[in-house]
*Asks:* 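Here you go, one structure.
Lettering follows sequence order; numbering is per chain, from 1.
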Amino acid sequence: MSYPLLEFKKEIIDEVKRVVEVSEELIEIEVPSEERGDFALPCYSLSPTLEKDPESIAEFIAGKIELNRGEFDQAGPYLNFKTDEHHLSRETIRGCLEKKEDFGELSPKEKKIMIEHTSANPNGPLHVGRARNPIIGDTLARIYEKIGYDVERQYYVNDIGRQMAILTWGRQNLDEEDLTPLQRDKEDYDLVRYYQKASQMLEEDEGLETEIRSLIRAMEEGDDEVFHSLKKNSETVLSGITRSLERLNIHFDSYQHESSFIVDGSVQEVIEMLSKLKETDKEEGALFFNLDDDKIFVTREDGTNLYPARDIAYHIWKAERADELIDILGEDHKNHGEFIKNALLSLDIDPIPEIVFYSFVSFEGEEMSTRKGTYVTLDEFMDTAEEKAREEILKRRDDLSEEVVGEIAEKVGISAVRYNVIRVQPRKPIDFRWDEALNFQGDSAPFIQYSYARTHGILEKAEEGLELDGLNLEGLEDGEVRLLRKIAELPLVLLKTAENNAPHLMARYAYELAAEFNQFYRDYPVLDSDEKRKERLAIVKSFSYSMESVLDTLGMKKTKKM
RNA sequence: GGGCGUGUGGCCUAGUCUGGAUAUGGCGACAGCCUCCUAAGCUGUAGCUCAGGGGUUCAAAUCCCCUCACGCCCGCCA
């Protein structure tokens with residue numbers, strides 16, 4: 001099994017290469033507007049190498065090229081290629097019926113990729129802003145899996161360090177009655193109150209700083225009691241965080257604890273390796289790495305290690321276990337990310353990570369901070385999304401049981417949260433507003449889910465099985481071919497999304513696919529279409545499978561009723 | 001002050017890396033479409049010259065320089 005558009009693109013590249021004898025990098029195939037064709041070759045970039053004007057090159061290629069899978073025409077300096085519609089339709093339907101909800105998947109690559117995402121400090125519940133991280137990471141993980149990678153999703157648990165020391169101090173010294181009332185019956189909501197109160201006290205009383213410091217030192221020096229106390233608190237909050245994420249359809253394959261790199265001595269080794277580099281120097285006994293004009297400190301003057309050192313140890317550990325690495329980091333870590341890459345390069349470590357940075361999310365124009373307690377938690381946001389979904393369902397349906405309404409609301413709520421976060425390019429800032437985030441019309445999760453639900457209105461009433469062999473695909477109408485063509489794009493989109501680590505492309509595709517189906521649905525009756533019924537059912541079924549694949553890739557939920 | 005990033009119709013957004021053929025789509029607005037597989041849908045109209053200025057090029061939203069606005073970073077915190 002292979003995919004018609006992938007094959008066609010490959011054929012074009014091979015043929016152009018054969019005809020003009022240039023290296024493959026010079027052949028830039030782009031996707032033109034729909035009416036021009038499936039692919040286009042602008043000949044401008046070949047002009048310098050071939051020492052001819054673009055139009056003559058186009059003419060030259062047009063005269064020599066031979067394609068089995070489609071045709072082409074010359075338009076000035078462009079060549080436009082259009083695949084054979086019948087072949088495209090047949091192969092796309094065949095692909096969908098064979099692969100079903102895995103449509104779009106590519107053969108295994110024998111490559112391991114480790115995707116680190118979230119890695120939020122376990123000091124309180126996840127807020128919507130932070131949730132951008134797991135949603136980007138998990139979506140990329142799903143995409144890499146689909147194109148054949150062996151994927152490991154990893155949470156790096158910052159179970160030591162200052163923030164955990166503050167939480168632990170709070171747990172040791174504060175009583176329940178000192179705290180704000182419990183917002184939600186969940187362990188992360190419980191413990192964050194200790195963290196917030198302790199942070200607040202620390203701001204008012206600098207004397208507490210020494211107590212925090214001594215907790216950190218005790219931990220690093222291997223004080224068992226302190227160590228276990230920190231770990232216990234971090235594990236408790238972590239379990240609250242992961243429960244929230246599971247609700248968002250996100251899970252991890254492994255957890256790696258920051259403390260482990262201190263315990264096993266690897267941080268010390270890293271510090272020794274770093275100290276031998278020409279990029280490092282010491283200032284009053286503290287080791288730092290020169291990053292352009294910045295000094296990135298990796299140890300304190302008392303010799304205790306700092307987060308950058310531990311993160312290098314972690315990345316070396318990761319590099320030994322995977323062929324490719326991806327880190328999802330907030331924009332506040334840009335500098336740190338540069339340091340990690342530069343330091344790993346200097347240490348001759350391979351692979352170094354690809355880092356996806358995302359900008360922060362504000363809410364109704366306000367910044368969110370765990371320390372200050374100014375945030376909307378992921379749980380709250382999802383509750384509201386579900387509630388809103390419920391209202392919308394009840395506006396339209398009065399024939400569903402409360403249980404069914406609840407199920408659909410949950411599916412729509414989860415999907416809306418994920419979709420609204422992933423549809424925007426990571427590096428762009430997002431300002432969440434309830435009315436926009438929970439707008440269920442147009443470019444939204446329910447729009448996409450609804451297109452899928454519509455297929456079931458049809459498929460459940462049609463009981464016959466589907467056989468590719470009995471179909472007459474010669475006389476398909478424009479809108480039918482257009483839908484199949486859009487379905488056929490899926491593998492191309494998956495590849496491009498992974499290549500650029502740009503998951504928003506996948507979201508955009510999901511919307512376009514759904515929109516194309518909605519037009520088909522309007523124009524072509526299926527069940528009453530007599531002589532075209534079988535063919536149209538096959539198209540609906542193909543769309544249904546491809547949409548299942550797309551929804552799964554975005555971590556969204558499918559629903560047969562809405 | 002320095003570094004990084006962002007700035008596309010009233011609002012949100014694609015395209016920017018890899019310069020090219022009429023700048024993508026949504027929300028909102030206005031005008032239409034349910035005796036017919038779920039109207040959370042579909043169709044049409046109006047609206048942007050791509051923050052501003054300069055430059056490179058046959059060609060710039062896309063590359064370079066300057067300016068403005070906003071965000072993030074500039075800790076022996078993480």
*Asks:* Using a 4.0 Å heavy-atom cut-off across all strands, classify A:N80 as base, sugar-phosphate, or nothing.
*Replies:*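 Base contact.
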*Asks:* Tell me which nucleotide, if any, is Watson-Crick or G-U wobble paired with B:U57 when both distances must be under 3.5 Å.
*Replies:*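 For B:U57, the partner nucleotide comes out as none, under the 3.5 Å rule.
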*Asks:* A:I296 has an atom CD1; how far is it from atom P of B:A78, in whole Å?
*Replies:*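 Answer to the nearest Å: 13 Å.
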*Asks:* Taking the side chain of A:D332 as its heavy atoms from C-beta onward, which of B:C72, B:A21, B:U13 lies nearest to it?
*Replies:*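 For A:D332, the side-chain atoms sit closest to B:C72.
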*Asks:* Please verify the inter-ring angle class for A:F381 with A:F363; under 30° counts as parallel, over 60° as perpendicular, anything in between as tilted.
*Replies:*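 Perpendicular.
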*Asks:* Specify the separation, in whole Å, of atom CD of A:E512 and atom C1' of B:U24.
*Replies:* 8 Å
*Asks:* Report which part of the nucleic acid A:T304 touches: base, sugar-phosphate, or nothing (heavy-atom distance under 4.0 Å, all strands).
*Replies:*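 If one applies the 4.0 Å heavy-atom cut-off, A:T304 turns out to touch nothing in the nucleic acid.
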*Asks:* A:D294 CG to B:G2 C1': how many Å, rounded?
*Replies:*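 Distance, rounded to whole Å: 9 Å.
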*Asks:* Could you say whether A:H504 or A:F520 is positioned toward the 5' end of RNA chain B, judged by the nucleotide with the nearest heavy atom to each?
*Replies:* A:H504
*Asks:* From the options B:C42, B:A40, B:C37, select the nucleotide whose nearest atom is closest to the side chain of A:N518.
*Replies:* B:C42
*Asks:* Report which part of the nucleic acid A:R213 touches: base, sugar-phosphate, or nothing (heavy-atom distance under 4.0 Å, all strands).
*Replies:*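 Contact class for A:R213: sugar-phosphate only.
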*Asks:* B:A78, OP1 or OP2 - any side-chain N/O from A:R300 closer than 4.0 Å?
*Replies:*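 For B:A78, OP1/OP2 do have a side-chain N/O of A:R300 under 4.0 Å.
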*Asks:* Closer than 4.0 Å, any side-chain N/O of A:Y450 to the OP1 or OP2 of B:A40?
*Replies:* yes
*Asks:* Which word best sums up how the rings of A:H336 and A:Y307 line up, parallel for under 30°, tilted for 30 to 60°, or perpendicular for over 60°?
*Replies:* parallel
*Asks:* Using atom P of each nucleotide, how far apart are B:A23 and B:C64 to the nearest Å?
*Replies:* 24 Å
*Asks:* Can you find a side-chain donor-acceptor pair between A:S199 and A:E203 that sits under 3.5 Å?
*Replies:* no
*Asks:* Would A:Y78 pass as stacked on B:A21, i.e. its ring centre under 5.5 Å from the base's six-membered ring centre and planes under 30° apart?
*Replies:* yes
*Asks:* Hey, mind stepping through A:K411 and A:E386 against salt bridge (charged side-chain N to carboxylate O under 4.0 Å, His left out) and telling me if it holds?
*Replies:* CA-CA 8 Å; A:K411 288 174 175 174; A:E386 266 179 43; over 6 Å; no
*Asks:* Does a side-chain N or O of A:K428 approach OP1 or OP2 of B:G7 to a distance below 4.0 Å, or not?
*Replies:* yes
*Asks:* What contact category does A:A462 fall into here, base, sugar-phosphate, or nothing, at under 4.0 angstrom with non-hydrogen atoms?
*Replies:*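 Since no nucleic acid heavy atom lies under 4.0 Å of A:A462, the category is nothing.
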*Asks:* Considering non-hydrogen atoms only, spot the tightest contact between A:P503 and A:L140 and give its length.
*Replies:* CD-CD2, 4.0 Å
*Asks:* Find the distance A:N290:CG to B:C74:C1' and express it as a whole number of Å.
*Replies:* 14 Å
*Asks:* Without decimals, in angstroms, what is the distance between A:N305 CG and B:C76 P?
*Replies:* 15 Å
*Asks:* On RNA chain B, check which nucleotide each of A:R310 and A:Y44 is closest to and give me the residue with the more 5' one.
*Replies:* A:Y44
*Asks:* Side-chain N or O of A:R522 less than 4.0 angstrom from OP1 or OP2 on B:G41?
*Replies:*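 Negative; the distance criterion is not met.
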*Asks:* Please report the distance separating the P of B:C17 from the corresponding atom of B:C70, rounded so that it comes out in whole Å.
*Replies:* 27 Å
*Asks:* Of the listed nucleotides (B:C11, B:U22, B:A14), which one gets closest to any side-chain atom of A:R508?
*Replies:* B:A14
*Asks:* At under 4.0 Å between heavy atoms, what does A:K461 touch on the DNA or RNA strands: base, sugar-phosphate, or nothing?
*Replies:* sugar-phosphate
*Asks:* Does A:K496 have a side-chain nitrogen or oxygen under 4.0 Å from the phosphate oxygens OP1 or OP2 of B:A14?
*Replies:* no
*Asks:* Counting only Watson-Crick or G-U wobble pairs whose two distances fall under 3.5 Å, which nucleotide matches B:A69?
*Replies:*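 The base-pairing partner of B:A69, which may sit in any strand shown, is B:U6.
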*Asks:* Mind checking if A:K560 touches a base, just sugar-phosphate, or nothing, with heavy atoms under 4.0 Å?
*Replies:* base
*Asks:* Please determine if a side-chain N or O atom of A:N158 lies less than 4.0 Å away from the OP1 or OP2 oxygen of B:A78.
*Replies:* no
*Asks:* Within less than 4.0 Å of OP1 or OP2 of B:U13, is there a side-chain N or O belonging to A:R423?
*Replies:*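 No.
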*Asks:* What distance, rounded to whole Å, do you find between the two P atoms, one in B:G25 and one in B:G15?
*Replies:*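 Pairwise P distance, B:G25 against B:G15, rounds to 14 Å.
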*Asks:* Is the side chain of A:Y509 donor-acceptor paired with the backbone N or O of A:K486 at a distance under 3.5 Å, no angle test?
*Replies:*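 Looks like yes, one N/O pair under 3.5 Å.
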*Asks:* If the glycosidic angle is within 90 degrees of 0 it's syn, otherwise anti, so just tell me which one B:C4 is.
*Replies:*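 Anti for B:C4; the angle lies over 90° from 0.
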*Asks:* When the P atoms of B:A14 and B:U6 are considered, how many whole Å apart are they?
*Replies:*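 B:A14 and B:U6 have their P atoms separated by 11 Å.
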*Asks:* Within the structure, does a side-chain N or O atom of A:R454 lie under 4.0 Å from either OP1 or OP2 of B:A39?
*Replies:* yes
*Asks:* So which nucleotide from B:A21, B:C37, B:C42 ends up closest to the side chain of A:Q519?
*Replies:*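 Nearest to the side chain of A:Q519 among the choices is B:C42.
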*Asks:* Between B:C77, B:A78, B:G25, spot the one nearest the side chain of A:Y511, thanks.
*Replies:*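 That would be B:G25.
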*Asks:* Between A:Q425 and B:U16, does any side-chain N or O lie under 4.0 Å from OP1 or OP2?
*Replies:* no
*Asks:* Report the base-pairing partner of B:A78 (Watson-Crick or G-U wobble, both distances below 3.5 angstrom), or none.
*Replies:*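 Across all strands, not a single nucleotide pairs with B:A78.
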*Asks:* Whether the A:D431 and A:S362 side chains hold a donor-acceptor pair (N or O, under 3.5 Å, no angle test) is what I'd like checked.
*Replies:* yes
*Asks:* Considering every strand and a 4.0 Å limit on heavy-atom distances, what is the contact class for A:L527: base, sugar-phosphate, or nothing?
*Replies:* base
*Asks:* Can you tell me which nucleotide in B:A78, B:C77, B:A21 comes closest to the side chain of A:E258?
*Replies:* B:A78
*Asks:* If you look at every strand shown and take non-hydrogen atoms under 4.0 Å, does A:E284 touch a base, only sugar-phosphate, or nothing?
*Replies:* base
*Asks:* Write down the distance separating the C1' atoms in B:G54 and B:C48, rounded off to the nearest Å.
*Replies:* 23 Å
*Asks:* Quick check for you: among B:G5, B:U13, B:A40, whose closest atom lies nearest to any side-chain atom of A:Q441?
*Replies:* B:A40
*Asks:* Could you walk me through whether A:E392 and A:K388 pass the salt bridge (charged side-chain N to carboxylate O under 4.0 Å, His left out) check?
*Replies:* CA-CA 6 Å; A:E392 296 292 326; A:K388 169 83 175 178; 3.6 Å; yes
*Asks:* Nearest-Å distance, CG (A:N335) to C1' (B:C73)?
*Replies:* 6 Å
*Asks:* Mind checking A:I393 for me? I need base, sugar-phosphate or nothing, with any heavy atom below 4.0 Å counting as a touch.
*Replies:* base
*Asks:* A:F447 side chain: which of B:C4, B:U22, B:G41 is closest?
*Replies:*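 That would be B:G41.
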*Asks:* Which of the following nucleotides, B:U38, B:U18, B:C72, is nearest to the side chain of A:A453?
*Replies:*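 Of B:U38, B:U18, B:C72, B:U38 is nearest to the side chain of A:A453.
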*Asks:* Say you pick atom C1' in B:U8 and the same atom in B:U45; how far apart are they, in whole Å?
*Replies:*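 To the nearest whole Å, 22 Å.
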*Asks:* Between B:G5 and B:A46, how far apart are the P atoms? Round to whole Å, please.
*Replies:*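 Result for the P pair: 39 Å, nearest Å.
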*Asks:* If you round to the nearest 0.5 Å, how far is CD of A:E516 from OG of A:S451?
*Replies:*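 Reported value, rounded in 0.5 Å steps: 11.5 Å.
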*Asks:* Could you let me know what B:A29 is paired to, Watson-Crick or G-U wobble, both distances under 3.5 Å, or none if it's on its own?
*Replies:* B:U45
*Asks:* Determine the Euclidean distance between corresponding P atoms of B:C66 and B:A59; express it in Å to zero decimal places.
*Replies:* 23 Å
*Asks:* Using Watson-Crick or G-U wobble geometry with both distances under 3.5 Å, which nucleotide pairs with B:U35?
*Replies:* none
*Asks:* Tell me whether the OP1 or OP2 atom of B:U6 has a side-chain N or O from A:R427 closer than 4.0 Å.
*Replies:* yes
*Asks:* With A:N233, which of A:L238, A:L167, A:D159 fulfils side chain to side chain contact (heavy atoms under 4.5 Å, CB included)?
*Replies:* A:L167
